[in-house]
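First up is the structure itself, then whatever we jot down about it.
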Amino acid sequence: MATELPPNSPLSSSSELDSVGSVEDSSERHPALYYDDGTVVLSAVNQNGSRKYFRVHRSILCKHSPVISDMFAIPPLLAEGSSTRIAEEYDGVAHVQMPDSAEDLVSFLTMFYDPLGTAYKRFDPNTPVLVEGALKLAMKYECDALRRRIIENLEADWPQTLAQWDARRAEAVILRSEHSLQLTGKVDGRYLDDRLPEPASAIRIASDYGIPSILPAAFYQLALLSTNADWDAYRANPGKHLRFGARTARWRLLDKRDLMRLVHGQKLLAAYTRAIGTDIFGSRCSRAMKGCTRARNDCWKYFQENAPNSMDDPLDILHDCMRLDTLFNELPCSVCTSEITVMAEKKRRELWRGLPAVFNLQ
């Protein structure tokens, strides 16, 4: 595998692992991954320093991992003075002490015994945190099918085409509308921020494990957020921000290179937005129609004064430029309106294709 495994990813120490799919400190045996008919016991040390045990099925592990299969093919050490009894046993079966963390092992084994479980809820902002351990061990133990499945699920949450981005944008608009109708800001017990992918953890797992396909969309989404909108801080007082539909990021997961890429991208996006006023609305009417130039200027003035949030989002501004007839009563002439639509669509495609360069991902 070409991608090196990060020795201590910050995702592995995220607090979500303590509450979702973690090993219980009160018991040596994992409550869900200890099967009475299991044929081997794996153990690993957790972050607290205690050893935890998982009784699983050798055949399942060998089916998915050639590395583990080769490991089990080695005859086990026998107890001194015995020709049949294995030297290291636990609960009557062979015991293998794994070099991995118990938290990573939980994530990894869960994929085999609960493949359609909580780790793959669509748009779940916790997905990168939950699957990071499984992805790390899938690469280490050459579980290629599992690795592909994890990556495919991550990619499903982060658009790779402009059409996919628009589809997700439309879904987010609908979700925001649903939440705005609730006094608590919650739908089914969750805030809007709990129902949409979170970009910083996506960037972390993509950078650490070689998944470049999700980076452009994740960085673009991150560029739309304030650095004050912190995942942990906002959840400490959810009624103040999350209740009103705030979006957040796990900023602590980003390293220096990520932040430099983000700053570079935000500067270029701001310049791209300013250029919209000149390139699209700054031209004079080719037919010299009375009031057309003023209508162009009024359209751009509207975007600047009445859509302050969108000014950070050139893809969104250009999307609105393609549907001026739904926003304004007084439009430029039909020729100019058509030209604006065509030019906005072209610049939008160019921007999307250029996102890897915008964020220095190439």
Side-chain angles (χ1 to χ4, degrees), residues 6 8-22 47 103 118-119 121 123-133 154 157-158 168-169 172-173 175-176 179-180 182 184-209 211 214-267 269-270 308-313 315-316 355 358-361:
N8 293 298
S9 171
L11 285 170
S12 300
S13 58
S14 294
S15 59
E16 286 75 14
L17 286 175
D18 298 331
S19 59
V20 186
S22 63
Q47 291 179 357
E103 289 78 10
T118 56
K121 287 181 180 177
F123 286 177
D124 186 345
N126 294 313
T127 293
V129 176
L130 296 175
V131 304
E132 193 261 351
L154 290 168
D157 282 348
W158 293 100
R168 203 191 80 169
R169 174 185 176 278
V173 169
L175 289 177
R176 184 173 291 278
H179 283 266
S180 68
Q182 305 301 316
T184 63
K186 290 184 176 181
V187 173
D188 296 330
R190 294 186 294 167
Y191 292 108
L192 175 66
D193 201 42
D194 298 320
R195 301 180 67 188
L196 292 170
E198 186 276 307
S201 59
I203 289 170
R204 181 76 283 119
I205 198 170
S207 299
D208 287 348
Y209 298 95
I211 315 173
I214 70 175
L215 284 173
F219 265 104
Y220 189 89
Q221 179 63 49
L222 187 65
L224 305 181
L225 303 180
S226 166
T227 53
N228 293 324
D230 180 71
W231 174 276
D232 298 310
Y234 274 27
R235 277 158 180 76
N237 187 8
K240 187 176 181 180
H241 300 285
L242 296 181
R243 175 184 174 186
F244 301 103
R247 296 298 313 282
T248 69
R250 294 177 171 96
W251 293 98
R252 59 185 169 79
L253 297 181
L254 302 176
D255 60 22
K256 181 180 178 180
R257 184 178 65 167
D258 298 327
L259 294 173
M260 291 178 66
R261 286 172 165 174
L262 177 65
V263 171
H264 182 268
Q266 287 175 322
K267 288 181 178 179
L269 290 178
N309 292 330
S310 293
M311 291 305 292
D312 297 327
D313 186 352
L315 285 176
D316 194 48
L355 286 182
V358 168
F359 292 104
N360 275 337
L361 302 176

Heavy-atom closest contact ([X] atom, [Y] atom, distance):
X      : Y      : result
Ala218 : Ala202 : CB-CB, 4.3 Å
Gln266 : Ala223 : NE2-O, 3.3 Å
Pro128 : Pro125 : CD-O, 3.8 Å
Thr184 : Arg243 : O-CG, 3.4 Å
Asn228 : Tyr234 : O-CE1, 3.3 Å

Applying side-chain contact (heavy atoms from CB on, under 4.5 Å), run through Arg235 and Thr248 and close with a yes or a no.
CA-CA 10 Å; Arg235 277 158 180 76; Thr248 69; 3.4 Å; yes

Is the closest side-chain heavy-atom distance between [X] and [Y] below 4.5 Å?
X      : Y      : result
Asp230 : His241 : no
Tyr209 : Val131 : no
Leu361 : Pro216 : yes
Leu196 : Gln221 : no

Check the angle between the aromatic planes of Tyr220 and Phe359 and answer parallel, tilted or perpendicular using the 30° and 60° thresholds.
perpendicular

Can you measure from [atom1] ([X]) to [atom2] ([Y]) and round to the nearest 0.5 angstrom?
X      : Y      : atom1 : atom2 : value
Leu215 : Leu222 : CG    : CG    : 11.0 Å
Leu242 : Arg190 : CG    : CZ    : 13.5 Å
Leu154 : Thr127 : CG    : OG1   : 7.0 Å
Arg250 : Ile203 : CZ    : CD1   : 12.5 Å
Leu253 : Glu198 : CG    : CD    : 7.0 Å
Leu315 : Leu355 : CG    : CG    : 6.5 Å

Between Lys121 and Asp194, does the salt bridge (charged side-chain N to carboxylate O under 4.0 Å, His left out) criterion hold? Intermediate values first, please.
CA-CA 11 Å; Lys121 287 181 180 177; Asp194 298 320; over 6 Å; no

Keeping the roles fixed (side chain from Glu132, backbone from Ile205), state whether a donor-acceptor pair exists under 3.5 Å.
no

Just by modelled atom types, is the Asp157 backbone N or O under 3.5 Å from a matching donor or acceptor in the Arg168 side chain?
yes

Asn237, CG: over 12 other non-hydrogen atoms inside 6.0 angstrom:
yes

CA sep, side-chain torsions, deciding dist, call: Asp258, Arg204, side-chain contact (heavy atoms from CB on, under 4.5 Å)
CA-CA 9 Å; Asp258 298 327; Arg204 181 76 283 119; 2.6 Å; yes

Dump the intermediate steps for side-chain contact (heavy atoms from CB on, under 4.5 Å) on Asn360 and Met260, then the final yes or no.
CA-CA 9 Å; Asn360 275 337; Met260 291 178 66; over 6 Å; no

Take Leu225 and Trp251, measure what side-chain contact (heavy atoms from CB on, under 4.5 Å) needs, and give me the verdict at the end.
CA-CA 10 Å; Leu225 303 180; Trp251 293 98; 4.2 Å; yes

Looking at Trp231, I'd like to know if the NZ or CZ of Arg252 sits under 6.0 Å from its six-membered ring centre while staying within 45 degrees of the ring's axis.
no

